[in-house]
Amino acid sequence: MSTEPKLSASEHIKSDSHYLRGTIAEGLLDLSTGSMSEQDQQLLKFHGTYQQDDRDLRAQRKQHKLEKAYSFMIRIRVPGGVATPAQWLEVDRMSADYANGTIKLTTRQAFQLHGVIKSNLKRTIREINRTAMDTIAACGDVNRNVMCNPNPFLSEVHAEVLQAAQAISDHLTPQTRAYHEIWLDGEKIESSEQEEEPVYGRTYLPRKFKITIAVPPSNDVDVFANCLSFIAIVEEGRLAGFNVAVGGGMGSSHNNEKTYPRLADVIGFCPADQAVEVAEKVVVLQRDFGDRTDRKHARFKYTVDDHGPDWILAKLNESLDRPLEPARPFVFESNGDRYGWVDDANGRSHFTLFVQGGRVLDTADHPLRSGLREIAKVHDGDFRLTPNQNLIIANVSPENRPRIEALLAEYGIRDSHQRSALRLNSLACVALPTCGLSLAEAERYLPDLLTELEEVIEENGLRHDAITIRMTGCPNGCARPYIAEIAFVGRAPGKYNVYLGGGFAGQRLSKLYRESVPSSQLKDLLAPVIAHYARERADGERFGDFCIRAGYVNETVQGRDFHLNLKEEAHAKR
Ligand code: SRM
Ligand code: SF4
């Protein structure tokens, strides 16, 4: 009898799928149901779409013996987060024509459309491709949207870095013709020639893979939360190359200590022209050594933890033309966005706009989607989606700036000084009603909790003090909560685990402070900690650092030990 461990079910779905085709094309034609088969739902992710249902309607539909209110979320890849005004206008149009009238800017600089019904799915994906964007590999067990610091016009280095992000993204895009065939009506090529995936192979990766590029001192892309990151090293004003970091990730499951968030390790340095090769070889390492038997242990962070970063470096060096050099010094100062207008040396201006929860929509008192549509119609630069779910109206010419400013004012699109620094440093994942995995609200609830916490912030004179605060509806960590200074992670409806002590630059994990706190008690739980910080912080001391110094949580730990949260000790200390 074979002692080989059993492959996970997803591995069979991939290998039997004929390079991601499955029966998607046939399934799309069956309009007797709003759903797709279980296996095709898994394969659809590689094409950039997830089947979901409106969870607000579940009970009602069940009562009336109706099928769930199925629809699809489509994720549009935007490498480095750069979109043209024409692309913005098309996404805006499609959000109204085919989706729920909103555009979601994600924590990985992508667009999402929610609520696309099955009969509109193919049309929408086809129209997205007409705008020179695509959805392939926005999801699935492949390399995802490559993130990059979104301010390329602030210096030549940024422009080079954006090119590197694009090159890595292109190189790691799956080569299967299935995408073209299914969505773009590409002709089926009946050839005896074997179809190939040169980097991935027939079964792709064991799990999703995430790559970022940061330009210090900004860590807005959160390099330590990604599988593979490149940290730009600028020497004498020029891009010398990149430090390489491996093995970061956020996802964990409640009550499963084998799963944990982990910060990436910096293992070396490569010249800029080696970045694509390094990316490919690291992906290949994960392809060959990642765990294909247990999806909960299949992310690259576990491969790195199981073998150790030194082993990863040695293996990587064996496969590279030139081995990595020792890592070079760098400093990150923050992982947030810088708001408002910034002018660059070429006379262009860039306006970073806070978008609550990354959700672009019109409400009675805040017609944000309409305002941005009007701006896109006259904008002569481009748009940059930030890794913090915000938007930069970038590269505005001096002649055009007054028009953009007038439109911002006309549509009441508020400037950052009208918001607290706490809100400006907040992130919430989508959660309910579309996310099938959420245990509690996030995007729909965090704005109200922030309003409550702002009372405490105002009372303590901290309106202008940035504190990173993030909420997710479950422990998967889509808003990268475990590196925030304050985090709320959904446990059950209306209940959250509260984490404290993350690093302001995303350089340290936070730690569990209290478990399963009802939402009605969150303000009272945090008020004394915030007041204590306001009273006793040292000069320039960050909230997360203070939480550790004052003993609210112990110095945080890495990887496997994350679950050894010392909350009992923290209780005892006060
Ligand atoms: Fe995520 C799954 C939304 C960034 C970790 N994520 C999901 C799904 C697709 C739920 C599902 O599988 O059914 C969510 C869809 C909700 C919806 O209705 O739209 C979802 N994730 C999001 C977005 C939209 C959150 C947001 O509000 O912006 C982000 C889309 C990013 C993109 O454009 O590609 C998003 N997800 C992240 C991040 C942050 C990042 O990548 O920097 C993480 C943590 C980093 C990491 O990967 O470790 C993240 N998402 C997960 C996980 C946990 C993976 C794991 O290692 O265990 C899942 C669940 C899974 O894969 O099984 C997940
Ligand atoms: Fe859904 Fe959980 Fe991700 Fe939030 S963190 S979007 S609830 S999977």
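Indexing begins at 1, ligand by ligand and atom by atom, following the structure's order.
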Task: Tyr204-Glu197 side chain donor-acceptor pair, cut-off 3.5 Å - done: yes
TODO: Show which atoms of ligand 1 fall inside a sub-4.0 Å distance from at least one heavy-atom site of Ala110.
DONE: 33 (O)
Open item on the list: Give the atom numbers and elements of ligand 2 that come within less than 4.0 Å of a heavy atom of Gly473.
Closed with: 4 (Fe), 7 (S)
- [ ] For ligand 1, indicate whether the residue Arg144 contacts it via side chain, backbone, both or neither (heavy-atom separation under 4.0 Å).
- [x] neither
Task: Heavy atoms from other residues, nucleotides or ligands near CD of Gln42 exceed 12 (cutoff 6.0 Å) - done: yes
Open item on the list: Applying a heavy-atom cut-off of 4.0 Å, say which part of Asn476 lies close to ligand 1: side chain, backbone, both or neither.
Closed with: both
Task: Min heavy-atom dist Gly477 to ligand 2 below 4.0 Å - done: yes
Open item on the list: So if I count the atoms of ligand 1 from 1 in the order they appear, which ones are less than 4.0 Å from some heavy atom of Met250?
Closed with: 44 (C), 45 (C), 46 (C), 48 (O)
TODO: May I ask you to check whether Tyr513 and Tyr499 place their ring centres under 6.0 Å from each other?
DONE: no
Open item on the list: Does either side chain, that of Arg55 or that of Ser438, offer a donor lying less than 3.5 Å from an acceptor on the other one?
Closed with: yes
TODO: Answer yes if the ring centres of Tyr260 and Tyr302 are under 6.0 angstrom apart, and no otherwise.
DONE: yes
Open item on the list: Is it the case that the side chains of Thr451 and Arg423 hold a donor-acceptor pair, with the cut-off being a distance below 3.5 Å and no angle test?
Closed with: yes
Task: Identity and distance of the protein heavy atom lying nearest atom 55 (C) of ligand 1 - done: Arg299 NH1, 3.5 Å
Task: Nearest-contact summary for atom 4 (Fe) of ligand 2 - protein heavy atom, Å - done: Cys429 SG, 2.3 Å
Open item on the list: Please list the nearest protein heavy atom to atom 29 (C) of ligand 1 with its residue and the distance rounded to 0.1 Å.
Closed with: Thr107 OG1, 3.3 Å
Task: Minimum non-hydrogen distance to atom 18 (O) of ligand 1, winning option of Asn226, Ile76, Val78, Thr434 - done: Thr434
TODO: Using a strict 4.0 Å cut-off to heavy atoms of Lys210, name the atoms of ligand 1 that fall inside it.
DONE: 36 (N), 37 (C), 38 (C), 40 (C), 41 (O), 43 (C), 45 (C), 46 (C), 47 (O), 49 (C)
Open item on the list: Just to confirm my output: which protein heavy-atom neighbour is closest to atom 57 (O) of ligand 1, and how far is it?
Closed with: Gly251 CA, 3.7 Å
Task: Test of proximity, Gln112 against ligand 1: N or O pairs below 3.5 Å - done: yes
Task: Exceeds 12 heavy-atom contacts within 6.0 angstrom, atom NZ of Lys122 - done: yes
Open item on the list: Please determine whether any non-hydrogen atom of Gly477 lies less than 4.0 Å from an atom of ligand 1.
Closed with: yes
TODO: Tell me which protein heavy atom sits closest to atom 32 (C) of ligand 1, plus the residue, atom name and distance to 0.1 Å.
DONE: Arg108 CB, 3.3 Å
Task: Polar side chain donor-acceptor pair, Arg144 to Asn226, under 3.5 angstrom - done: no
Task: Minimum non-hydrogen distance to atom 2 (Fe) of ligand 2, winning option of Pro475, Cys474, Cys478 - done: Cys474
TODO: May I ask you to identify the nearest protein heavy atom to atom 1 (Fe) of ligand 2, giving residue, atom name and distance to one decimal place in Å?
DONE: Cys435 SG, 2.3 Å
TODO: Identify, by atom number and element, the atoms of ligand 1 in contact range of Gln389, meaning under 4.0 Å from any of its heavy atoms.
DONE: 26 (C), 27 (O), 28 (O)
Open item on the list: As a check for students: among Arg207, His297, Lys45, identify the option with a heavy atom nearest to atom 60 (C) of ligand 1.
Closed with: Arg207
- [ ] Would you mind telling me if ligand 1 is within reach of the side chain of Ser252, the backbone, both or neither, using heavy atoms under 4.0 Å?
- [x] neither
- [ ] Distance to 0.1 Å, residue and atom name: give those for the protein heavy atom nearest to atom 11 (C) of ligand 1.
- [x] Leu437 CD1, 3.5 Å
Task: The one among Gln51, Lys208, Arg480 that brings a heavy atom closest to atom 2 (C) of ligand 1 - done: Lys208
Open item on the list: Need the ligand 1 atom indices (1-based, order shown) with element for anything under 4.0 Å from a heavy-atom of Tyr50.
Closed with: 9 (C), 11 (C), 12 (O), 13 (O)
TODO: Please determine if His114 has a nitrogen or oxygen closer than 3.5 Å to a nitrogen or oxygen of ligand 1.
DONE: yes
Open item on the list: Side chain or backbone, does Met147 bring an N or O within less than 3.5 Å of an N or O on ligand 1?
Closed with: no
Open item on the list: Between Asp291 and His297, do the side chains contain a donor N or O and an acceptor N or O under 3.5 Å apart?
Closed with: yes
Open item on the list: At less than 4.0 angstrom from any non-hydrogen atom of Ser438, what atoms of ligand 2 do you find?
Closed with: 7 (S)
- [ ] Just let me know how Arg295 lines up against ligand 1, side chain, backbone, both or neither, with a heavy-atom cut-off below 4.0 Å.
- [x] neither
